[in-house]
Amino acid sequence: MKTALEFSEIHAGMLAEVGGKAANLGELTRATLPVPPGWVLTTDAYHQAAEAAGLQEIIAQGGDLATKARQRLLETAIPDEVAEEVRKAYAGLGESAPVAVRSSATAEDLPFASFAGQQDTFLNVVGPEEVLLAVRKCWASLWTDRAVAYREANGIDHAVVRIAVVVQTMVDAQVAGVMFTANPVTGRRREAVIDAGPGLGEAVVSGAVNPDRFVVDVATAEIRERHAGDKKIAIRSLPGGGTERVETDVDGFCLTDAQVRALAELGARVEGHYGAPQDTEWAIDAGGRLWLTQARPITTLYPLPEMPETGHDGLRLFFSINVAQGVMGPFTPMGSAGIKLMSADAARIAGYPPADPHEGAGPLVEAGQRLWIDLTKAARSRVGRAVLPRMFSVAEARTAVLFNALMDDPRLSMIYPSRRPFLRAARRIARAAGAPRRVRWALTRPERALTYSRRIGDDLTRRLELPPDVSPQTRIDHAERLLGATFPMIFSIMPIVVAGYGMFGLASKLSGVPISDMQDVLRSMPNNPTTEMDMELWRLATRIEPFGDRSVDEITRLYQAGQLPRVTQEAISGFLATYGHRGVAEIDLGVKRWSDDPSHIIGVLANYLRMDDRLAPDALFARGAADAQAAVEHIVAAAARKGRWRAAIVRRALDRTRRLGGLRELPKYYAVLIFAGVRRSMRVVGEHLVAQGVLGTPDDIYFLTFRETRTALTDGSSLGGLVAERKAAYEQETRRRHVPRLLLSDGTEPEALSIAAADGAITGTPASAGIATGPARVVMDPVGAHLEPGEILVCPSTDPGWTPLFLTAGGLVMEMGGAMSHGAVVAREYGIPAVVGVARATERVTTGETVTVDGAAGTITQEAAGLTTQEAAGTTTEEAGGTVTQEAAATTTQEHDQAPA
């Protein structure tokens, strides 16, 4: 078998044979782009060498895998036939031709993981024996510590990864560098960003030089930005092989405007060929000829939503439902389908029924397996510009700031001045929710309002019940009916909640006490299903026996086998009977509930059992209720000084706030109840499809939509391939670390343009007053998270599945949210200092460093010296400002998505 292939013999479908880099170079060569000639030593050659080195045994043994594998490959001779092919292929490029020898791994330069810089490159290699040595070093670089760690982080099996080696004619570059065909910082598509420096491109790629930077509008060829670097270092080829680093003294820019535009045009050709933005390397030789030496996908850009036909063109603005709901991971296909059906019901009530309910409400779009709302029409309307910032200010404060800034963009100018469509939709929604009657109950008969709210839960529970022997088709009908026709019932609670919070505002106005000074009234409110759940979980921890040294996994296995001590077994079972339908990312009906996998709850219980009695949540909750009552008396007294009648009204208003405000969580609680019921029913359908040979496991059904499930029941064809493909894509998306809260249709992430910290402090939105100092604990996923009492929880966002962690947290920092977002509300009720809407908090704060959270000022301070966990558990929470301050310099490394050229 031939193990050396010229670029012209290679195409994109040969990834397994030639690796990502060579496959791209072959594609670029076949597309007649200006690629220096070269060839690749295939993965079969590496396989022969790896077998000779006994790598499979080393991988199976584990341990210090990187060092052992690397050493073995360097010590083992290249098989004779492979060595001879290398000599012949090198001779084909010319006698003593200087070449670049570069790795090309099968898990490299992929759409989801670039692996840039993970393996080695050797420049200006001259002579066949030197090429053979460089080949062996490239093979060994597959096993560097960083490459092994990168594969493990991306879930790629070491045993299946192979490496090819590219040998490419060196360009004697006068100027070289990198070019992104989309802006990697802001995400803006069709905006090329070019870094350039004198000499070989490695100086730019490796960060050894401060390069010139150019930003170009690809569509118009306008050079939008020019930044001159100092360019003090250049890397140049040495006669006879190797490179040297030399000092330079280059005045001005190293590229002319014509060269910048030519590069942007070349980038557009490369992107056009692949149909996606590319990260490229380029060089210009002494004759002024432009060469393309490498191209790979830009893996850090967030995918753009498919653009729906909504009757307007130009720039569009999208808001992330995932971010708003604290679900940073992707949705399963059935989870998305469930939300779409419910959104279609909401749109129907508002008077805008979609043509196909399965596609969801008109503004609902999908990107990156997450759901987004197209806000363009609202942003370009008079009412939207007035209403949306107010809504965001209480639920997602950072978004409110970004939204207001976008209103100055002429591409989002107001073109819908009429208020009539909004008023018409509002009337329809209010009528469907029975708003006048519900508000009247809230103001005059709050017990009736509470009884009504509870009755909805009883009604939904009855509707979820199905006889066990109904057909799979009936189950799908039932699921679609529940998801597509229960929104009005659930939403009818909101007028009661709004009335409760409206009374809060009225009390402020009549008493003269600013709302910002009334936050204690909202502590430890009754009738909140999430806080009731958390307190019940704490009470459960006081009744069960200690777990001792057993691991969470072991305790979970014993519980599922019914082998825990009787009291503990029954207590956990009782809790899950009531709250087992809940879970992390619970609005996705495709994800497991606590009843499916109780390990998260058992882990939380293990945390509770370690808590100091002084920090017992029930005591803190009772203290919060007392503080709330004291705050009510203070506000009533302030009102009394303005008149007795004012005092009476304020007392009654605040009574309504406290009795009804906790219902804010109830609509979502009931929606999750429906999702969980549908999930259980669909799993029964999944079992049927497994029996029919259509699916491999019952849980595979969550990677189908309802329509696909219905078709599968009648078609009977195996869907194993489709499910496997979707599972792989889903797992890939779960590794995405950052999801924008707002996204423009040109790819721009508005927040990337406006992150700033004031006076050394990280700033956000005040959410729950108080000051807490303790070690930070950055948590991306609450499942299995370990939070010591007093630690500051730093997370992207939260949903009710996170809140059991709140009971041990000393403070809370969230990237998302506003003063009335879920995490903020619960933090206030528990008396935890909290700052929300903190841009990239999980990147700017590191686990273990000591931070001070000021929940009234909205800041986070990072301090030079950290407290121990034990010291943190004893820290006190002061009722004061709202900031998180960082007193020690925190460094953030922004990895460059480039490999050495």
Worksheet item: With Gln563, which residues qualify under side chain to side chain contact (heavy atoms under 4.5 Å, CB included), at least two apart?
Response: Leu558, Ala561
Fill in: His273 and Glu271 side chains, donor-acceptor separation under 3.5 Å
no
Practice prompt. Please assess Gln369 against Phe331 for the test side-chain contact (heavy atoms from CB on, under 4.5 Å), listing each intermediate value before the final yes or no.
Written response: CA-CA 6 Å; Gln369 298 177 48; Phe331 283 122; 5.9 Å; no
Worksheet entry | For the student: nearest non-hydrogen atoms of Leu301 and Gly187, plus distance | CD2-CA, 3.8 Å
Practice prompt. Say whether Asp588 and Thr332, considering side chains only, have a donor N or O and an acceptor N or O under 3.5 Å apart.
Written response: yes
Worksheet item: Are Arg736 and Glu733 within salt-bridge range, i.e. N to O under 4.0 Å?
Response: yes
Worksheet item: Cut-off 3.5 Å, side chains only: do His738 and Glu749 have a donor facing an acceptor?
Response: yes
Worksheet entry | Listed partners of Tyr302 passing ring pair (Phe, Tyr, Trp, His ring centres under 6.0 Å), at least two apart | Trp372
Practice prompt. Report yes if some heavy atom in the side chain of Glu202 is under 4.5 Å from a heavy atom in the side chain of Leu123; otherwise report no.
Written response: yes
Practice prompt. Just jot down the side chain to side chain contact (heavy atoms under 4.5 Å, CB included) partners of Val323, sequence neighbours excluded, or say none.
Written response: Ser320, Met328, Val739, Arg741, Met816
Discussion item. Within this structure, what is the CG-CE distance for the pair Leu704 and Met682, rounded to the nearest 0.5 Å?
Written reply: 11.0 Å
Discussion item. Determine whether Arg683 and Glu687 satisfy the following criterion, salt bridge (Lys or Arg N to Asp or Glu O under 4.0 Å), listing intermediate values before the conclusion.
Written reply: CA-CA 6 Å; Arg683 197 177 192 284; Glu687 291 169 353; 3.1 Å; yes
Worksheet, complete the sentence: Here the pair of heavy atoms bringing Leu73 nearest to Trp139 is CD1-O, 3.6 Å
Worksheet item: Going through the checks in order, is the side-chain contact (heavy atoms from CB on, under 4.5 Å) test met by Val166 and Thr121?
Response: CA-CA 9 Å; Val166 169; Thr121 289; over 6 Å; no
Item to complete: State, to 0.1 Å, how close Pro804 and Gly801 come at their nearest heavy-atom pair, and which atoms those are.
Response: CD-O, 3.6 Å
Worksheet entry | side-chain contact (heavy atoms from CB on, under 4.5 Å) between Arg72 and Lys68, worked out | CA-CA 6 Å; Arg72 189 70 66 84; Lys68 292 178 182 176; over 6 Å; no
Response to the item:
Hits for salt bridge (Lys or Arg N to Asp or Glu O under 4.0 Å) against Lys727, two or more places apart or cross-chain, chain-then-number order -> Asp700
Practice prompt. For residues Pro79 and Val82, determine if any side-chain heavy atom of one lies less than 4.5 Å from a side-chain heavy atom of the other.
Written response: yes
Worksheet item: Does any non-hydrogen side-chain atom of Phe180 lie less than 4.5 Å from one of Thr300?
Response: no
Item to complete: If a pair satisfies salt bridge (charged side-chain N to carboxylate O under 4.0 Å, His left out) and one of its residues is in residues 47-59, list it, with sequence neighbours excluded.
Response: none
Worksheet item: Hey, does Pro698 have a side-chain heavy atom less than 4.5 Å from the side chain of Leu695?
Response: no
Item to complete: Answer yes or no for Arg679 and Tyr702: cation-pi contact, defined as NZ/CZ to six-membered ring centre under 6.0 Å and angle to ring axis within 45°.
Response: yes
Worksheet item: According to the interplanar angle, ranging from 0 to 90°, do the rings of Trp594 and His600 count as parallel (below 30°), tilted (30 to 60°) or perpendicular (above 60°)?
Response: tilted
Worksheet item: What residues, two or more places apart in sequence or in another chain, satisfy salt bridge (Lys or Arg N to Asp or Glu O under 4.0 Å) together with Glu81?
Response: none
Fill in: Any Val779 side-chain heavy atom under 4.5 Å of Asp781 side chain
no
Worksheet item: Once you round to the nearest 0.5 Å, how far does CG of Leu564 lie from CD1 of Ile555?
Response: 7.5 Å
Worksheet item: What is the minimum heavy-atom distance between Val205 and Val178, and which atoms define it?
Response: CG2-CG1, 3.4 Å
Worksheet entry | Minimum-distance pair of heavy atoms, taken over all atoms of Val794 and Val845 | CG2-CG1, 4.1 Å
Worksheet item: Does Leu5 reach the side chain of Thr42, with side-chain heavy atoms less than 4.5 Å apart?
Response: yes
Worksheet item: Does Glu85 have any side-chain hydrogen bond (donor to acceptor under 3.5 Å, both in side chains) partners at least two apart in sequence or in another chain, and if so, which?
Response: Thr3
Less than 3.5 Å apart, which donor and acceptor atoms pair up between the side chains of residues 7-18 and the rest of the protein, not counting sequence neighbours?
from: Glu9; atom 1: OE1; to: Lys2; atom 2: NZ; distance (Å): 3.3
from: Glu9; atom 1: OE2; to: Lys2; atom 2: NZ; distance (Å): 3.4
from: Glu9; atom 1: OE2; to: Glu6; atom 2: N; distance (Å): 2.8
from: His11; atom 1: ND1; to: Gly13; atom 2: N; distance (Å): 3.0

Discussion item. Can you tell me how far apart CG (Asn607) and CD (Glu791) are? Round to the nearest 0.5 Å.
Written reply: 9.0 Å
Discussion item. Is a donor from one side chain sitting under 3.5 angstrom from an acceptor on the other, for Gln168 and Thr293?
Written reply: no
Item to complete: Return the set of residues passing salt bridge (Lys or Arg N to Asp or Glu O under 4.0 Å) with Arg726 (not counting sequence neighbours), or none when no residue passes.
Response: Glu708
Worksheet item: Would one find more than 12 heavy atoms of other residues, nucleotides or ligands at under 6.0 Å from atom CD of Glu554?
Response: yes
Worksheet item: What are the two closest heavy atoms between Gln560 and Asp596, and how far apart are they?
Response: NE2-O, 4.1 Å
Discussion item. Around atom CG of Asp80, are there more than 12 heavy atoms from other residues, nucleotides or ligands closer than 6.0 Å?
Written reply: no
Worksheet item: Excluding sequence neighbours, so at least two apart, what forms side chain to side chain contact (heavy atoms under 4.5 Å, CB included) with Leu133?
Response: Glu130, Lys137
Worksheet item: Can you name the side chain to side chain contact (heavy atoms under 4.5 Å, CB included) partners of Val552, sequence neighbours left out?
Response: Thr556, Ser599, Ile602
Discussion item. A side-chain contact here means heavy atoms from C-beta on lying under 4.5 Å apart; do His158 and Trp143 qualify?
Written reply: yes
Fill in: Side-chain touch Asn124/Pro98, heavy atoms, less than 4.5 angstrom
yes
Item to complete: Take Trp39 and Val99, measure what side-chain contact (heavy atoms from CB on, under 4.5 Å) needs, and give me the verdict at the end.
Response: CA-CA 11 Å; Trp39 49 272; Val99 295; over 6 Å; no
Worksheet, complete the sentence: In this structure, CG of Leu65 is separated from CZ of Arg70 (nearest 0.5 Å) by 10.0 Å
Worksheet entry | ring pair (Phe, Tyr, Trp, His ring centres under 6.0 Å) partners of Phe703, counting only residues at least two apart | Tyr730
